[in-house]
Amino acid sequence: MSNIKHFFEQSWLLIVSSFFFGLLIAVANAAWSERIVQNEIDKRNRLMTDLIADANSFDVAAQAVEIPDTKAKVVKTDIYRALDGSGRTVGFAFIAVGSGFQDKIKLVIAVDGKCEKFLGFKVLASNETPGFGDKIKDSYFSSQFRDAPAGKLQLVKTGDDKKIDSEIVAISGATVSSEAVVKIFNTYIDTVREHLQTKGSAGNGK
Amino acid sequence: MDTLTILLLAFISIVIINNLVFTKFLGICPYLGVSGRIDMAFGMGLAVTFVVTLSGAMTWMIDHWVLMKAGLEVTRYVCFILVIAGAVQLVEMYLRKFFPSLYESFGIFLPLITTNCAILGLCLFINLWEIDNLLEAAVLSFGAGIGFTMAICIMAGIRENLNLADVPRCLRGAPITLITAGLLALAFMGFAGMIR
Amino acid sequence: MILADIFQLWSSAWPAGLTMLGLGAGFAIVLLIASVKLKVEVDPKVEQIHKALPNLDCGACGFAGCSSYARAVLADPELIGKCAPGGPKTSEKIAAVLNLHISDSGPMRRPIVHCRAHTEDRTYYAEYQGIPSCTAANALPNVQACKFGCLGFGDCTRACKFDALHVIDGLATVDYQKCTGCTACSKACPRNIIEMVPFAHENMMTVACRSKETGKATRSMCRVGCIGCGICAKQSDIFKVEDNLARLDHIKYEPDDKTETAMNKCPTGVIVLRGPTAPAPRPAKKTAEKAPAA
Amino acid sequence: MASEALDKPALGQTFIAGLWNENPVLRLVLGMCPTLAVTAAVRPALTMGCSVIFVLVCSNLVVSLMRNLLKPHLRILMFTLTIAAFVTIADLFLKAFLPEMSERLGPYVPLIIVNCIIICRAEACASKNGLAVSLVDAIGMGLGFTMTLCVLASVRELLATGKIFEQQVMPAVFVPWAAMSMPVGAFITLGLMLGLVNTITKKKA
Amino acid sequence: MKVQTKGRFTFKGGTHPPESKGLTEKSAIQPGPVPRQVAVMLSQHTGAVCEPLVRKGDAVQAGQKIGDSDAFVSAPVHSPINGKVKEIALQSHAVLGRSLAVIIEADAENNPLKQPASARFGGDFDEDAYSVEKICAAVREAGIVGMGGAGFPTRVKIEPNPRLPKQTLVINGCECEPYITCDYRIMLEWTHQIIAGIKLARKASGCSKVFIGIEDNKPRAIKVLNAAVKTHRNAEDIKVVPVRTKYPQGGERQLIRAILGKYVPTGGIPPMIGVVVLNAATTAAIAEAVVCNAPLTHRAVTVSGEAIANPGNLYVPIGLPVADLIDFCGGVTQKSAKVVLGGPMMGIAIADLTTPITKTTNAITVLTRKQIGSAKFAGRQTACIRCGRCLEVCPEHLNPTKIAHAVKNNLLDVAEGYYINACTECGCCSYVCPANVELTGYIKTGKIFLARQKKKMPQ
Amino acid sequence: MLSQITVSPAPHISKPLSTRSVMIDVVIGLVPAMITAGYYFRIHAFILIPTCVVSAVITEWLCNVIRRKSNPLESLGDFSAVVTGIILALSVPPVLPVWAAVIGSGFAIAIGKMVFGGLGANIFNPAMAGRAFLTASFGMLMTTWTVPATIDAKMPRISADNMLDTRTQATPLALSKQAQKARTGADALNEQLRAAFTGEVGGCLGETSALALLIGGIYLLARRTISFHIPLAVTLSAFVFSGVAYLINTQAYASPVFHLCSGGLLIGAFFIATDPVTAPLTTRGMWIFGIGVGTVTMLIRIVGEYPEGVMYSVLLMNAVTPLIDRFCKLIPAGGRPHV
Ligand SMILES: Cc1cc2nc3c(=O)[nH]c(=O)nc-3n(C[C@H](O)[C@H](O)[C@H](O)COP(=O)(O)O)c2cc1C
Ligand SMILES: Cc1cc2nc3c(=O)[nH]c(=O)nc-3n(C[C@H](O)[C@H](O)[C@H](O)COP(=O)(O)O)c2cc1C
Ligand SMILES: Cc1cc2nc3c(=O)[nH]c(=O)nc-3n(C[C@H](O)[C@H](O)[C@H](O)COP(=O)(O)O)c2cc1C
Ligand SMILES: Cc1cc2nc3c(=O)[nH]c(=O)nc-3n(C[C@H](O)[C@H](O)[C@H](O)CO)c2cc1C
Ligand code: SF4
Ligand code: SF4
Ligand code: SF4
Ligand code: SF4
Ligand code: FES
């Protein structure tokens, strides 16, 4: 008995305060969690709106689409549908992940409503070397993807980066990162297009 | 790629390419403090390796099997640090009681480690990288420990040499160690992008 | 309304609170049991020092945490002052713990350098072009004529951790304000001319020379060396001349007239006062044989 | 108790100590990881500094309140728990109101838990002093930390991008030194800064 | 039959300083100056210092014992001249700085110059006439100490010792130091005396094999000794071995390695592997002591160096001031920069020329600034560039730069970890160092530090 | 008469060798490489080499002034800053802007050398530290090359944007990297071998001509300024590594001879890895160091992402040099003492 008494003498403070702090955290969480979730949605929506100019609102077109990764793993992603003010589908967007030069690169990729053209990409998160790989954010690189045909893309070292086609000109000195971006596109696009077209979400521009 | 290759690459990557000290700035305090002599540095490295492997695996389990299931992710940090602190303290007492010689060689470094951000940092990075199986998390943690050991031993060797050199007075100790670490980080950039 | 809100919060918060409660209680139990079952006896002094430390286990001291530093300090008191977060206060506390065992009755021992010759007082035969260290120079025969006096390369200065000893014009000179009596300098001097003397008085008198050369030889080597003339011994019996050298028994020293006279009558002025408020010794007589140029 | 009353420090002195004499980064060389990791630019450094001030103040206050109830075996555990709780709150706050910064700082916000400065102050100050001293100490230390971070970050941001607070200050011909935003830049700048501080303090002494 | 004079044997490491032996190698050993006053040091050897046996004012005879000690490791000292004890006082000493010496004023009338004893030794020598005990006693009474450097009492070395039985006697005729030629001249001129000494030492020590190691830059000495050995009976086992010319081939550890291929253990001494090493001059002294009953009062000294007007080899009384010798050789020319007792690699630089020569002084070398070269002059020293040359030449395979820098930074445990005490202070490392770091000096200093630390020098 | 005599510890004579003479030997050894640099890259060489040397020397002087050395000019006399300057200049692209060269040499001397205490104390090769800093900071500038003046007097720049005629104008190693990625075309590289040997290819100022570097290297070996261990270990291990890769796939991997002659391998083996200050002291250590440099270089070239790896491999091996030294401790001739 005295053991138990001793125990409580020694550790009541710890027990009480863990409970108290647990509550404190929970309260903070309860108060702010909505905002936090909303922040994430806002950010994604903002990027998607940047890509799909006419978009007014978004909804989920397909949930947890399974994408076969190169590493024989399967990654899942949601596909969002962008609707304009009149409720017409103006495009689709999804989050895509792949490995870059140093770390993972997370992109938001958009395609048009018929899933025929890319509408470009935005970097959600990347850890590429400043001055090298982080140039994938620069417009001269990313604009090559806008309006490129939604199919397999190809990376070339030299070419005309103004010309819009399935040939993407690499950033000099950051071939690897450029390649990574192209690879992400290629990994995702087939499955996504298939998904949208077979499931009939695309093309019926209503 | 088969699992073994993936694990091997993950290991090499965290040891050399994404070394905790040189790329993630984790565990800098002991890196500066305990790199004066090679034997001490090695003991410290072993202790970190041991604890980080243990806590990497444990926090992964708690995170995935308890917190995520119960939707209690908010308490993640508190749980992580309590688990680490508790485990370290237990292991230390245990070693001290039953394996005094082992305790002398690396156990004495254990208390230093609770407040070492390499441990908690790695657990958080494992969470951030969305590692989804226990084995990979364990290998990564072990690799991180080995990487730390390597880094601190290299630094200890360098500092033993610098003891014999005429380093400007104001730069002795922490400053020159930091500058050396900077040059080491520069050197380790050579491996960047080798494994992706 | 407010009650409803609180209820709302509570209902979402209780699982977290309970988990933490569980965790906290669990750890408390485990650690408590462990601390009883796995207790290891340690030296109480280590414990004391450990308590004086900040217990951050930060490693700034270069040791593996506070407890290993505590053990190291106990073994080697020279390691005091390595704890950066603790700062000087901690050092004082550790010193207090350690000092319990060094408690020393009697007056404090302080160093006296048994030489009073500055560079211009000495004879040199040749220029020394070696390592600037007394120990290195002492290994050579002719760095300076006198084989007993201060070499002035400052091995003692380097040994002093308290910046209390400096070579001034070729002579090691103690700064008694800063000196802590740690004896490091006396161990460092290769010529063994730094003696730890119990300072019964603020300033102590001494024969600042160790030369056993004959008076004539001493004169040819140094303007201020003891020539063993014995005048001091005639004034006060605390002086004794042996091997051409006067020695003063520091234990018997009293600052009285007799010693004062002996000091003033010494033909070379080698009897001097040393201490925090000691006056500068009287200047060397220029009449002494001028040394041949180096 | 008596000794506590004896060396009860003056508030002003405590405050100044944190800023310079016992500046956690420059003089105590503690909490180096965030110092290095978040100082590629001023804005994240400032955010980090503020978070640390917040956690420091809260934990110092709580520890100071509990100081007479602490039991030796579980003391460090208590500190850790307190700090972790406040760090979680700070992290949630950042996520909710400064999502960009939160993303940038990533795991370095939760790492405040193990930042030696905070436990150090809990142990060295708050567990021995009353509320007022603990508060002032926390603010002083926190400001010292933040200031150092900002200085370091402005040097690095300036050289790495030619900007400060994302505002261009360098002339257009300046070619940014990308290395300054990499680990090399962090280590070397901090090393040189510590060296500089050493020289300044030596001169005063 | 053609004598092999090319040395094949050597050791790993070492270096090749300019030999500079041409200055004196042709000059035969001639009597030195007539002494006016000598100062016989009471400590001329490794071991206990002698107590003076005479007092101020005593008259002494040449060969009279004037100092002795009861200690086992010690050797008596003798007056080289007839005269009167002027005083017993401190004198400059090359190793000890200042040390007690018996100062003897020469009797102006009655002081014949001593002649070398070599004339008394002919083409053969029969050591059977002398028992082991008698040899040992004679060697001790004559005050013979090693004349090759350290001055270790020879009796202790050759005397039978059941704990360390000896099989091999190595005679050190390498004389690897630049400038010095006295051993060479002794080997040429006192050949048979040396062989007699060898035979005596062989008998006393019980060795069965004898090697005479001579550097191959002295082909004449090799030939002469080879021929002389042939004329002796019972000398088949005495082999003359040419060794490669390289400094420090004469270091006993190096010589043993070259000739026998054995390594003296670190921190150990040759008897541990059954070897005794004697300098050539020492053997000559043994022969003289045993056969002629004459104590060691005179020795051959090379006075050389570019700054000496008439360099040569002199047979001089021990205790003669250096200044007298230099004056006898015509004094120094204006360019002198350093006076060294011994050779330039290991010798001790002195500045007080009243310093008397001792039993171990084999040379006085007066160097000019040009010979000293860049070293030691301010401005030519830089930090170590870690070129590794010092490691390459160290005959003991040490890491001189690490040791020296550890000493410089007062990290004695590091220095010990790099085996500082294994250094023989040969000076090769300092010699080759492009940065002119005073490696040997630091190592020497470090050894003193360590010894003091170990002893915890009582105050 | 004896008024000018001195006393000092033995030995009293020394070999007529000084740090300065050693450094000047290295400068002489680099002369052929500097000449070829001038021949192929003309004005760029004439500007860059003096710029780097002068700014290295001035930086060292400044650091000495800041440290309040009694004579800040004294340490310049050892010429090591000159060597650093030349080696840095020879290891940057010819078209590097002058200001970048100044920053590079400043970093090399100030951070690479002087903060450690100056000559002899630095852990990392100063020139390589400076170059690594430049690469990290100004990656584009450090990967922009020019066509040798002997091919095209206008010396057009080559970088990834305008690789017009890749056969003649890209650096050999960039082509080799391309071949590796495409897993084809490596055999065609051997056509470039002759050009790589004489130096008529794109690349850093001093690295292009294998011939000039060999001449300089042999001079240093003959003068015993460097020992053969490191150069031999570097080239041998690089040869073996690339040889194995070549045997596995001759289409993807260039031949070992090509690897030896191209890029900075030879200047690295003879002039950079041999920097005594940053290389191990013992012979065994030198072998390990050399093999490490060769292997890591090839690892980066063949497995890694960069076309060239000499700089990084030298820096990495510099970092472990203290450990190598410690674990290749010499055993005294008489064995370890028994205590
Ligand atoms: C310090 C440093 C960082 C680099 N970071 C990247 C990077 O983040 N992304 C990338 O694609 N290439 C990066 N590179 C360049 C690649 O390593 C490689 O040289 C380049 O991709 C080769 O392609 P290129 O043909 O475009 O030159 C970096 C190079 C250096 C020296
Ligand atoms: C402490 C000590 C003990 C020695 N004991 C012996 C011994 O018992 N037998 C012997 O032959 N030599 C002995 N020696 C002599 C050495 O082997 C060596 O010959 C002597 O130090 C002279 O060597 P050096 O002139 O090369 O310096 C001893 C030397 C020392 C320092
Ligand atoms: C570096 C070095 C060089 C030496 N060179 C010689 C030499 O040339 N000739 C010589 O007789 N002794 C030389 N010695 C002394 C020998 O090591 C050894 O002490 C001596 O031969 C023993 O004989 P001893 O006792 O008769 O003097 C040298 C010693 C050292 C350490
Ligand atoms: C053989 C040799 C090679 C050298 N190589 C370099 C080098 O690659 N880079 C450099 O900065 N200095 C080099 N130096 C010069 C010098 O050693 C260097 O600046 C030191 O590292 C400065 O402490 C070399 C010197 C020698 C003797
Ligand atoms: S007192 Fe001794 S140690 Fe100090 S300077 Fe004089 S000789 Fe050197
Ligand atoms: S070393 Fe110690 S005893 Fe000597 S002067 Fe300094 S403080 Fe005083
Ligand atoms: S020879 Fe001189 S410069 Fe070369 S490593 Fe040895 S000490 Fe250093
Ligand atoms: S002096 Fe010592 S360290 Fe130097 S070479 Fe000779 S034995 Fe080796
Ligand atoms: S802040 Fe101290 S280890 Fe990271």
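First the proteins, then the strands, lettered A, B, ... as listed; each starts at 1. Nothing here was measured: the structure is a model prediction, and the numbers come from that model.
- Both the backbone and the side chain of L190(D) come within contact range of chain B, judged by heavy atoms closer than 4.5 Å.
- No side-chain heavy atom of V184(D) sits less than 4.5 Å from a side-chain heavy atom of F22(B).
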Item to check | Candidate pair T88(D) and T75(B), rule side-chain contact (heavy atoms from CB on, under 4.5 Å), full reasoning | outcome: CA-CA 8 Å; T88(D) 309; T75(B) 59; over 6 Å; no
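- The 12-atom threshold is not exceeded at CD of E100(D), counting heavy atoms of other residues, nucleotides or ligands nearer than 6.0 Å.
- Residue contact with chain B, scored on non-hydrogen atoms closer than 4.5 Å, involves the side chain of A186(D) exclusively.
- Note: D91(D) leads L92(D), T189(D), D91(D), V87(D) in heavy-atom pairs under 4.5 Å with chain B.
- In terms of heavy-atom proximity, G191(D) sits nearest to P175(B) at O-CB, 3.4 Å.
- Nearest approach of I188(D) to G182(B), heavy atoms of both residues: CG1-CA, 4.2 Å.
- Across every non-hydrogen atom of C170(B) and N198(D), the tightest pair is O-ND2, 2.8 Å.
- Atom CG of L36(D) is separated from atom CG of L178(B) by 6.5 Å, given to the nearest 0.5 angstrom.
- Most heavy-atom pairs under 4.5 Å with chain B, from the set A37(D), P107(D), A84(D), P110(D): that is P110(D).
- With a threshold of 4.5 angstrom between heavy atoms, I83(D) does not approach chain B through any atom at all.
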Checklist entry - Under the side-chain contact (heavy atoms from CB on, under 4.5 Å) criterion, do L111(D) and L120(B) qualify, and how do the steps go? => result CA-CA 7 Å; L111(D) 278 175; L120(B) 181 62; 4.1 Å; yes
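- Taking CD1 from I117(D) and SG from C29(B), the interatomic distance works out to 8.5 Å, rounded to the nearest 0.5 Å.
- A heavy-atom distance below 4.5 Å is found between the side chains of F187(D) and I28(B).
- Note that the CD1 atom of I113(D) and the OH atom of Y77(B) stand 8.0 Å from one another [nearest 0.5 Å].
- No more than 12 heavy-atom neighbours from other residues, nucleotides or ligands sit within 6.0 angstrom of CZ on F142(B).
- In this structure, the side chains of L192(D) and I179(B) come closer than 4.5 Å at one or more pairs of heavy atoms.
- Taking every heavy atom of both residues into account, C33(D) and C117(B) meet most closely at SG-SG, 2.9 Å.
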